[in-house]
Amino acid sequence: METIQKIKGTHDILPDTSGDWRLLEKTIHRIMQRYGFQEIRTPIFEATNLFARGIGQLTDIVSKEMYTFEDRGKKSLTLKPEGTAPVIRAFIENSLGEKRPINKLYYISPMFRQENPQAGRFRQFHQFGAELIGSPEPFADVETILNVLDIYKSLGLSSFTIKLNSVGDENCREQYKNALRDYLRPRLSKLCKTCQERFESNPMRVFDCKEAGCIAETEAAPRMLDHLDQASADHFEKVCALLDQHQVAYELDYRLVRGLDYYTRTAYEVVSNALGSQNALGGGGRYDLLTQELGGKPTPAVGYAAGIERLLMVLREEKLLTDNSLSLDVFIASIGEKAQEWASKTARLLRDNEISADMDLLGRSLKAQMKEANRSNAKFALIVGEQELESGQLTLRNLQQSEQTEVNSADLVGAIRKHLDAKFK
RNA sequence: GUGGGCGUAGCUCAGCUUGGUAGAGCACCAGAUUGUGGCUCUGGUGGUCGCGGGUUCAAAUCCCGUCGCUCACCCCA
């Protein structure tokens with residue numbers, strides 16, 4: 001029989017690593033709460049238009065990476081490739097902006113992009129992200145940066161760099177693009193093919209290119225930072241000043257142009273020093289025009305998205321993940337059918353009392369059951385056979401210290417709890 | 001979409017150059033220990049060598065095709 005394999009670029013998270021995910025998610029929830037961000041969960045798929053309009057028709061994501069399909073009613077749906085557009089859609093649809101002037105929302109969610117997988121890049125991957133909706137102030141930009149850094153810090157991570165740039169806004173970007181085009185036009189033939197295509201549609205993306213020729217040609221090109229209008233310049237200056245006050249180290253990177261069209265003013269990226277080719281841990285920025293682009297009232301907003309798989313890769317690399325596997329309190333090893341029945345009843349009793357318990361389900365030898373107890377990472381083995389059933393005196397073995405004592409079956413829960421508290425708390 | 005590397009036991013891999021009965025470590029099972037795990041020792045289970053075709057007396061090994069995985073490019077998380 002032919003076996004069925006997982007879809008390319010997807011992964012099973014097995015019990016030996018799901019504990020790492022739990023730790024990460026727990027940390028994210030904790031820090032988000034500490035910052036006043038509230039969780040939002042949006043559907044896994046959306047109307048295709050949401051992304052086409054929100055992210056931008058010409059972006060790589062929309063033009064070649066989306067999982068788009070028709071449902072039975074011929075409606076075009078898309079598995080979400082990123083989190084911001086759905087959050088803003090929900091923000092508008094549920095009139096969250098009418099209920100309070102500021103909404104601080106966060107999510108943890110799978111995302112889908114149909115790219116060729118490689119180290120740190122998958123077709124289904126997971127992001128956590130925060131969106132601060134309603135404030136145009138630099139304080140808001142900084143709030144999101146501090147938030148993501150705090151999550152990394154809480155996990156012990158320190159090997160990363162923050163890159164910062166401003167991509168301007170509607171009042172100065174078009175003017176700048178024209179200045180950039182004027183500079184690039186005579187050098188067009190020296191640029192790579194994709195950059196020649198970018199020249200008309202989105203010349204700023206030329207800075208993103210890694211071709212040596214394109215890098216060289218844009219070295220002396222006019223930079224957005226020098227062409228900001230007063231308001232955007234002030235905004236950027238304030239963001240930098242606040243980061244300085246918070247003693248957050250960052251690098252100005254005039255080449256940082258993020259791949260999504262909706263960014264305005266602040267753009268930032270957190271880059272790992274410990275990853276391979278795909279080294280962006282997270283990125284974000286301000287997107288003051290997105291809400292109206294999606295049909296809502298003009299509402300300023302800023303936020304970021306960060307990759308969970310890449311974060312796990314770095315944490316693994318830096319040896320910052322300790323053993324997060326769950327352990328069992330008690331494994332009941334029984335000898336004989338009567339004892340096995342007793343084990344079943346007792347396991348239930350213990351579980352009713354918040355003590356995790358497991359038992360043999362294969363009728364194995366005591367030795368094999370002890371081995372199983374060890375494999376389950378159990379703290380105690382409770383051994384019961386004919387003798388114990390008659391006397392009511394059971395053997396409780398501490399598997400980590402290899403010591404055992406007798407406990408009375410009359411107050412089993414109390415006795416086990418006492419031993420758990422004494423040795424494991 | 002394009003290029004490189006790799007597909008042999010549940011896992012990590014050796015064997016391929018120079019064709020000749022398919023191996024190791026770990027894991028799993030059992031025994032040493034007749035009712036006690038982890039350590040040690042002994043034994044055991046487990047493989048149409050990714051799949052299809054070709055060359056050959058003979059193919060894991062050589063040739064062709066194909067599928068899968070992986071890394072990289074593009075771009076991003």
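Everything quoted here is computed from the prediction, not taken from an experiment. As a basis for the values below, the full set of heavy atoms in this structure was taken, side chains included, without hydrogen atoms, waters or symmetry mates.
Looking at heavy-atom distances under 4.0 Å, A:Gln400 makes contact with a base. Using a 4.0 Å heavy-atom criterion, one finds that A:Glu403 contacts no nucleic acid atom at all. In this structure, A:Asn116 reaches the bases: a heavy-atom distance under 4.0 Å links it to at least one base atom across the strands shown. As judged by a 4.0 angstrom heavy-atom cut-off over every strand, A:Arg258 is placed among residues touching the sugar-phosphate backbone only. Within the nucleic acid shown, A:Ile308 has no heavy atom closer than 4.0 Å to any nucleic acid atom. Residue contacts for A:Gly129: at a heavy-atom cut-off of 4.0 Å it reaches no nucleic acid atom on any strand shown. If you check every strand for non-hydrogen atoms under 4.0 Å, A:Arg198 touches sugar and phosphate atoms only.
In summary, the side chains of A:Asn398 and A:Gln404 do not present any donor paired with an acceptor at a separation below 3.5 Å, with no hydrogens or angles considered. Side-chain contact check for A:Arg173 and A:Thr264: no donor-acceptor pair (N or O, by modelled atom type) lies under 3.5 Å. For A:Asp169 and A:His235, the side-chain atoms include no donor-acceptor pair closer than 3.5 Å. A:Ser272 and A:Asn279 share no side-chain donor-acceptor pair at under 3.5 Å. At a cut-off of 3.5 Å, with distance as the only test, no side-chain donor of A:Asp226 or A:Tyr254 sits close to an acceptor on the other residue.
Closest contact between the side chain of A:Gln118 and the listed nucleotides B:rG68, B:rA72, B:rA77 involves B:rA72. The nucleotide whose nearest atom lies closest to any side-chain atom of A:Lys371 is, among B:rC74, B:rG38, B:rA72, B:rG38. Of the candidate nucleotides B:rC75, B:rC29, B:rG38, B:rG38 has the atom lying nearest to any side-chain atom of A:Ser402. Distances from the side chain of A:Leu399 to the nucleotides B:rC75, B:rA77, B:rG37 place B:rG37 closest. Nearest nucleotide to the side chain of A:Asn279, out of B:rC76, B:rA72, B:rG35: B:rC76. In the set B:rA72, B:rA77, B:rU36, B:rA77 carries the atom at the smallest distance from any side-chain atom of A:Gln127. Taking only side-chain atoms of A:Phe122, from C-beta outward, the nucleotide of B:rC73, B:rA77, B:rC75 with the closest atom is B:rA77.
Residue A:Arg121 places a side-chain atom within donor-acceptor reach of the base of B:rC75, judged by atom type and a 3.5 Å distance cut-off alone. For a distance-only test at 3.5 Å, the side chain of A:Gln369 fails to qualify as a donor-acceptor partner of the base of B:rG37. Judged by atom type and distance alone, A:Gln114 does not reach the base of B:rG1 through any side-chain donor-acceptor pair under 3.5 Å. Below the 3.5 angstrom threshold, one finds no donor paired with an acceptor across the side chain of A:Arg375 and the base of B:rG37. Scanning atom types as modelled, one donor and one acceptor separated by under 3.5 angstrom connect the side chain of A:Asn374 and the base of B:rG37. A donor and an acceptor atom never sit less than 3.5 Å apart when one is taken from the side chain of A:Glu115 and the other from the base of B:rC74.
Between A:Leu362 atom CG and B:rC28 atom C1' the separation is 13 Å, expressed in whole Å. When rounded to the nearest whole Å, the span between CD of A:Glu65 and C1' of B:rA77 equals 11 Å. Note: CZ (A:Phe331) to P (B:rG37) measures 14 Å, nearest angstrom. For the pair A:Gln278 CD and B:rC73 C1', the computed distance is 10 Å after rounding to whole Å. Following rounding to the nearest Å, A:Arg123 (CZ) and B:rU70 (P) show an atom-to-atom distance of 11 Å.
For the pair A:Arg364 and B:rC28, the criterion of a side-chain N or O lying under 4.0 Å from OP1 or OP2 is not met. Using a 4.0 Å cut-off, no side-chain N or O of A:Lys8 falls inside it from OP1 or OP2 of B:rG68.
Across B:rU45 and B:rC6, the matching P atoms stand 33 Å from one another, rounded to whole Å. Between B:rG3 and B:rG46, the two C1' atoms lie 38 Å apart (nearest whole Å). Comparing B:rG15 with B:rU2, their C1' atoms sit 33 Å apart, to the nearest whole Å.
RNA chain B is contacted by both A:Leu366 and A:Lys64; A:Leu366 maps to the nucleotide lying nearer its 5′ end (nearest heavy atom per residue). When each of A:Gly307 and A:Ile7 is assigned the nucleotide of RNA chain B with its nearest heavy atom, A:Ile7 is the one assigned upstream, toward the 5' end.
Between A:Asp141 and A:Arg265 there is no salt bridge, since none of the side-chain N atoms of the basic residue sits less than 4.0 Å from a carboxylate O of the acidic one.
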